[in-house]
Structure formats: structure tokens, C-alpha cells
Amino acid sequence: MAVQISPSILSADFARLADEAAAVPNADWLHVDVMDNHFVPNLTLGLPVVEALLKATSTPLDCHLMIEDPDRWAPQYAEAGAGNVTIHAEAAKAPVRTLRQIRAAGARAGLALNPATPVEPYEDLIGEVDMLLLMTVEPGFGGQKFLDVVLPKIRRTRAIIERHGGEVWLQVDGGVAEDTIARCAEAGADVFVAGSAVYGAADRVAAVEALRAAATL
Ligand code: DX5
Ligand code: ZN
């Protein structure tokens with residue numbers, strides 16, 4: 001499994017997003033947290049900002065939609081050119097249709113699960129996704145403490161993925177830092193979102209490489 005690092009711009013300076021994207025040239029993805037103040041108690045940005053960011057960086061965008069009614073909005077992020085679009089299982093009313101629309105528009109399709117959402121009911125959807133995202137904090141804010149309680153689910157999800165051929169990526173998001181990332185990697189994660197651990201560091205390039213090194217088993 002190749003380790004991939006996806007710095008979250010939620011912890012970046014929103015007034016200087018192009019510069020903040022350029023500050024992590026060694027990142028595999030740029031994680032963009034779209035929040036609507038309904039699915040989560042926080043409001044961030046939407047499609048116009050994603051469209052502007054797509055013009056400002058060549059790093060592929062990993063859009064994490066923490067919004068109600070992703071069935072309505074997600075395909076537009078894929079059509080705009082996002083490399084990955086992740087919807088939440090708790091919010092989607094027609095996840096199979098929406099995941100297929102994301103793929104049809106040329107993006108990778110992701111399905112996210114909150115800490116208390118079990119993975120087993122979604123096993124039959126594994127052929128519809130390119131990535132599963134397991135939240136390791138309750139979604140909504142950066143800088144929260146990593147929830148160790150999710151580690152057994154990371155292991156079970158890795159086992160499910162392996163049973164189905166191992167093609168699906170397994171992303172973790174929330175509280176991922178130098179002191180927690182190895183636990184996630186050891187449990188089977190291969191794509192790591194890190195907001196405060198990257199954008200809170202003085203040297204962002206070094207922070208990305210330190211995370212990559214710590215996740216490489
Ligand atoms: C939280 C977001 C995360 C957030 C992670 O709901 O989905 O992507 O940016 O921030 P850290 O890495 O600081 O926990
Ligand atoms: Zn996120």
C-alpha cells in the first residue's frame with residue numbers, strides 16, 4: 001500500500017488559499033472540507049471556491065462533503081474537476097446513484113462514515129467506491145483529539161477491502177498527526193488527512209514528509 005498524504009486546507013489561511021496550496025508541493029492531494037452548517041455545526045466553502053482553487057493549483061483536490069443532500073451537490077464537484085469527491089453515508093439518500101454519478105463525471109468516488117457509523121452495512125457498496133473515509137473525530141472542526149475508538153473499525157474495513165480485491169483506498173480524517181498516524185497505518189489506512197498537523201507547522205513540506213515517514217511501516 002502506497003502512503004498518501006492529503007493536507008486539509010481547513011487549517012490553512014482562507015484568505016490565501018492559492019499560496020497555502022503551493023506550500024505543500026509534496027502532498028498527494030489537497031483535502032477540501034465542504035461544510036454546510038446543517039450536516040455539521042460549521043460553515044466553510046462551496047463550489048465557487050473549489051472552482052477557483054482548481055485553477056490555482058495542480059495538486060488534485062480531495063473534496064470531503066460534510067453537507068445535507070450530497071445527492072444534489074456532489075456530482076457538480078466532480079464535473080468541476082475535483083479528483084475525488086467523498087459523500088457521507090449518513091447524509092446520502094441515494095448513495096449508489098450519487099457515487100455512480102461522481103465516477104461518470106470522471107472523479108474518484110468516496111464514501112465517509114462518522115465514528116459511530118458501522119462499516120458492515122456498506123460492504124455491498126464496495127464495488128461502487130474508490131475510497132472509504134473513516135472519520136477519526138466527529139466531523140466539523142479541525143484540531144480535535146484523535147478517537148482511538150475507531151481503530152478496530154479501521155481494521156475491519158481493511159479486512160473487508162482485502163476480501164474484495166484490495167483496490168479501494170482507506171482514508172482516515174481527524175486528529176491525524178505524527179503521534180497518531182502510525183496507529184492508523186498499522187490498522188490498515190493508506191490515505192491520511194492532516195489539517196492542523198500540516199498547516200499548524202512552521203515548515204509544511206517537512207510536516208508532510210514526517211507524516212509520510214511515520215505512516216510508512
Ligand atoms: C473535520 C474535517 C477534517 C479536519 C481535520 O471535520 O473533516 O478534514 O480538517 O483537521 P485535523 O487534522 O486538525 O484534525
Ligand atoms: Zn475532512
Side-chain angles (χ1 to χ4, degrees), residues 3-14 17 20-21 23-24 27-46 49-50 53 59-68 70 73-74 77 82-92 102 107-117 129-151 154 169-185 189-202 204 207-208 210-212 214-215:
V3 167
Q4 299 185 73
I5 307 293
S6 188
S8 168
I9 59 163
L10 184 62
S11 294
D13 180 350
F14 272 16
L17 283 181
E20 296 285 66
V24 287
D28 300 283
W29 296 86
L30 213 53
H31 186 83
V32 180
D33 289 304
V34 177
M35 303 186 188
D36 67 350
N37 214 16
H38 292 274
F39 181 68
V40 289
N42 195 6
L43 181 66
T44 55
L45 52 85
V49 175
V50 167
L53 203 48
T59 305
L61 299 190
D62 168 25
C63 292
H64 175 196
L65 305 188
M66 284 160 279
I67 60 174
E68 297 290 357
W73 301 108
Y77 288 83
N84 177 83
V85 181
T86 295
I87 59 169
H88 265 266
E90 302 85 357
I102 292 169
R108 296 178 63 90
L111 185 66
L113 305 177
N114 283 341
T117 305
V129 303
D130 300 297
M131 184 168 80
L132 286 166
L133 163 52
L134 299 186
M135 291 305 301
T136 42
V137 297
E138 296 290 359
F141 300 93
Q144 300 182 80
K145 189 175 165 346
F146 179 81
L147 295 175
D148 280 285
V149 71
V150 181
L151 285 169
I154 301 174
W169 295 350
L170 176 47
Q171 184 175 64
V172 284
D173 181 8
V176 175
E178 261 194 86
D179 60 337
T180 54
I181 196 168
R183 270 177 268 169
C184 299
D190 54 4
V191 187
F192 304 88
V193 177
S196 45
V198 171
Y199 282 106
R204 283 87 181 267
V208 169
L211 289 169
R212 197 188 297 284

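Counting starts at 1 for both ligands and their atoms, in listed order. Just the heavy atoms: all of them, side chains too, but no hydrogens, waters or symmetry mates, feed the values below. Values in this document were obtained by computation on a predicted structure and should not be read as measured data.
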Would you confirm whether Glu20, through its side chain, and Asp13, through its main-chain N or O, come within 3.5 Å as a donor-acceptor pair?
yes
Would Asn42 and Thr44 satisfy side chain to side chain donor-acceptor pair (under 3.5 Å), going step by step from the backbone distance to the final call?
CA-CA 7 Å; Asn42 195 6; Thr44 55; over 6 Å; no
Mind checking side chain to side chain contact (heavy atoms under 4.5 Å, CB included) for Leu151 and listing every partner two or more places apart, or none if nothing turns up?
Phe146, Asp148, Ile154, Arg183, Ala187
For the Zn ion (ligand 2), give me the closest N/O/S atom belonging to Asp33, just the atom name.
OD1
Close-range residues for ligand 1, whose non-hydrogen atoms fall below the 4.0 Å threshold:
Ser8, Leu10, His31, Asp33, Met35, His64, Met66, Met135, Pro139, Gly140, Phe141, Gly142, Gly143, Asp173, Gly174, Gly175, Val193, Ala194, Gly195, Ser196
With the Zn ion (ligand 2) as the reference point, give the N/O/S atom of Asp173 that is nearest.
OD2
Going by the rule side-chain hydrogen bond (donor to acceptor under 3.5 Å, both in side chains), which residues pair with Ser6 if we only count those two or more places apart in sequence or in a different chain?
Asp62
Keeping the roles fixed (side chain from Arg204, backbone from Ala23), state whether a donor-acceptor pair exists under 3.5 Å.
no
Residues passing the side-chain hydrogen bond (donor to acceptor under 3.5 Å, both in side chains) test with Gln4, sequence neighbours excluded, are Trp29
Per residue His64, nearest N, O or S atom to the Zn ion (ligand 2) is named ND1
Rounding to 0.5 Å, atoms NE2 (His31) and OG1 (Thr59) come to a distance of 14.5 Å
